[in-house]
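Following: one structure in C-alpha cells, then a few remarks.
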Amino acid sequence: MLEAIAEIGRDPRTGGYRRFAWSDADMALREWFAGEAAERGMELDEDGNGNQFAWWGTGDDALLIGSHLDSVPDGGAYDGPLGVVSSFAAVDELRAQGHTPKRPIVVGNFADEEGARFGIACAGSQLVTGALSADKALSLKDRDGQTLAEVMTARGRDPRAVGRTDLLDSIGTFVELHVEQGRSLIHSDAAVGVATAIWPHGRWRLDFCGEANHAGATLMEDRHDPMQAYAATVIAARRLATDAGARATFGRLEVEPGGTNAIPSRVRAWLDARAADEGQLDKLVDALMHQARSAADPDGTTVGLTTESVSPAVEFDVPLRDRLASLLDAPVLPTGAGHDAGVLSPHVPTAMLFVRNPTGVSHSPAEFAEDADCQAGVEALTTVVRALS
Ligand code: GLV
Ligand code: MN
Ligand code: MN
C-alpha cells in the first residue's frame with residue numbers, strides 16, 4: 001500500500017512529500033483511501049470536516065484505528081500513512097485469521113493533521129471534539145490568502161457542515177499507530193513501543209517590525225532593522241530551550257519587502273515550542289519574548305506575539321496503555337510530537353503504538369522505517385485489535 005501511494009504528492013527534486021490539506025495530492029490520497037475501503041467492503045463515511053472513516057461493522061462503541069495521510073512540506077513517507085496502511089493491513093490479517101469482531105472496527109484518515117496549509121495542527125480531529133471552532137477554522141487562510149471555507153467549497157464540500165460531530169458517541173477506543181519520531185526504540189532494542197504521553201506544544205507568530213530603507217545609503221547606526229532582533233531571538237531560543245530541557249524551533253519565515261538591497265520593514269517568524277509541562281512551556285515563551293523585546297528596543301524596532309495554537313499535555317489512558325504494553329511485551333515511551341490521538345485522548349480511551357525509526361529523523365524526506373519493523377507494527381496492531389474486539 002505504501003508503494004501504491006509513493007508517487008502521490010512527491011516532489012521529484014527532494015523526494016519529500018507535499019500532501020497539503022485539500023491539495024490535488026490530498027484529493028488523490030482520499031480517493032485511494034475510498035478505494036481501499038471499497039475493496040474490503042468497508043462502508044465509507046466522510047464527516048463535514050473531511051475526516052474519512054471506513055467501517056467494518058456497524059453500531060456503537062467502535063474501535064477506531066488509523067492516522068492521517070497529509071504531510072508537512074517535504075515530509076517523509078511514514079508520518080501518517082504508516083498508521084493508515086497498517087490499519088487496513090490489520091483488518092486483512094484479522095479477516096485471514098477468521099476473527100469476528102464483537103464491535104465495529106473503523107479505519108480513519110484524519111484531515112489536515114500537520115496544519116501545513118492552514119497553520120493549525122490536527123484541525124480535523126480538533127473540529128470533531130470542538131477544541132477548534134468551525135468559525136475559527138473556516139476563516140483560516142492559506143499562504144495564497146484562500147480561506148478553508150473557500151478551499152473546501154472548491155472541493156465540493158459544504159462549509160456549513162464543518163464543526164463538532166457525533167463521532168465520539170460511536171467510538172469507544174482509539175489506537176493510532178505511528179512511526180517513531182525519535183530514537184528511543186533503538187535504545188530499547190524493540191520494533192514497537194507504546195506511548196505514555198505527549199508534551200504540551202504550540203505555535204506562535206512573532207512580528208518583528210522596523211523601517212524599510214536602502215541597504216547601501218543607510219548608515220548602520222541609522223537603521224531600524226527588525227532582522228537584528230529576529231536573529232537575536234533565534235539564538236536565544238536555542239539557549240533557553242536547551243537550558244530548560246525543552247524545544248524551540250523557528251522553521252518558517254517571511255521577510256518584507258524581501259529585497260536583497262533593502263532593509264526589511266517586517267520579519268514574520270513562526271515559533272514551534274514544546275516542553276515537558278505547561279508551566280515550563282509558558283515560562284519558555286515568556287522568557288523568549290523578554291529576550292526578543294530586549295533585542296528590539298535599542299534598535300527602535302518592535303515585536304508582537306500572536307498565539308496561533310496551543311495543545312495541552314496528554315497522558316494516554318493508563319489502563320489501556322499498560323494492557324497494550326503487556327500484551328505486546330513492548331516498552332513505553334513519551335513523545336514530543338503531536339497527534340490526533342492526543343486530541344481524542346481526553347474524550348475516549350486512546351493509545352498509540354510507535355514503530356522503530358532507525359535514524360529518528362522525521363518531518364524530512366529522509367524519514368525511514370525498515371520493512372520488517374513496519375510488518376512488526378502490523379502484527380502488533382493486529383494483536384491489539386483482536387484483543388480489544
Ligand atoms: C506533528 O507532527 C507535530 O508534532 O508537529
Ligand atoms: Mn508529523
Ligand atoms: Mn503524524
Side-chain angles (χ1 to χ4, degrees), residues 2 5 9 16-21 25-26 29 33 51 64-87 107-126 131-132 174-182 184 193 195 197-205 241 246-252 270-276 281 308-314 316 333-345 350-357 359-369 374 377 381:
L2 284 176
I5 58 172
Y17 291 98
R18 295 175 172 271
R19 295 166 165 171
F20 307 139
D26 190 36
L29 289 163
F33 184 95
N51 301 310
L64 175 64
I65 52 179
S67 190
H68 63 97
L69 293 173
D70 68 310
S71 79
V72 295
D74 257 349
Y78 300 87
D79 177 357
L82 185 64
V84 176
V85 304
S86 299
S87 297
V107 177
N109 165 32
F110 280 101
D112 201 2
E113 193 271 351
E114 299 287 7
R117 182 166 184 182
F118 293 101
I120 302 237
C122 299
S125 56
Q126 288 205 65
L132 173 62
F174 178 31
V175 180
E176 179 173 1
L177 177 147
H178 205 278
V179 67
E180 192 194 354
Q181 297 167 297
S184 293
I198 297 179
W199 275 18
H201 54 284
R203 298 179 183 189
W204 291 263
R205 196 184 78 225
R247 317 261 194 273
T249 306
F250 285 98
R252 181 180 163 201
W270 280 263
L271 167 71
D272 178 309
R274 311 185 186 217
L281 183 59
E308 294 203 333
S309 63
V310 178
S311 305
V314 172
F316 288 113
L333 58 148
T335 178
H339 299 283
D340 296 307
V343 175
L344 262 56
S345 177
T350 297
M352 289 193 77
L353 301 181
F354 290 132
V355 170
R356 178 165 51 195
N357 175 334
T359 60
V361 171
S362 188
H363 285 186
S364 152
E367 178 185 74
F368 183 64
C374 294
L381 186 59

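When a ligand or atom number is given, it counts from 1 through the structure's own listing order.
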- Task: Assess His363 for proximity to ligand 1: is some non-hydrogen atom of it under 4.0 Å away?
- Result: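 Checking ligand 1 against His363, which is what was asked, there is a heavy-atom contact under 4.0 Å.
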
Taking the Mn ion (ligand 2) as the apex, Glu114 OE2 and His363 NE2 span an angle, rounded to 10°, of 110°

Per-atom filter on ligand 1: closer than 4.0 angstrom to a heavy atom of Ala337 are 4 (O)

Near Glu114 (heavy-atom distance under 4.0 Å), the atoms of ligand 1 are 1 (C), 2 (O)

**Asked** Given side chains that start at C-beta, do those of Asp272 and Arg252 come closer than 4.5 Å, heavy atoms only?
**Response** no

Exercise. Does a side-chain heavy-atom distance below 4.5 Å link Arg19 with Pro81?
Worked result: yes

_Salt bridge present between Arg18 and Asp74 (N-O < 4.0 angstrom)_ = yes

Note: Arg205-Glu308 ion pair, threshold 4.0 Å (strictly below): yes

Is [X] in polar range of ligand 1, meaning some N or O pair under 3.5 Å apart?
X	result
His201	no
Arg274	yes
Gly338	yes

Is any N, O or S atom of His178 under 2.8 Å away from the Mn ion (ligand 3)?
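Given the 2.8 Å cut-off, His178 counts as a ligand of the Mn ion (ligand 3).
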
Legend entry - Side-chain H-bond candidate by donor/acceptor type, Asp79 with His68, under 3.5 Å: yes

Exercise. Look at the rings of Tyr78 and Phe368 and say which category their plane angle falls in: under 30° parallel, 30 to 60° tilted, over 60° perpendicular.
Key: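 Rings of Tyr78 and Phe368: perpendicular, as their planes differ by over 60°.
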
### the Mn ion (ligand 3) - closest N/O/S atom in His68
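Closest to the Mn ion (ligand 3) among those atoms: NE2.
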
Checking distances from the Mn ion (ligand 3), one finds that the N, O or S atom of Asp79 closest to it is OD1

message: I'd like to know if the side chain of Asn357 reaches the main chain of Gly182, judged simply by a donor and an acceptor atom lying under 3.5 Å from each other, with no hydrogens or angles considered.
response: no

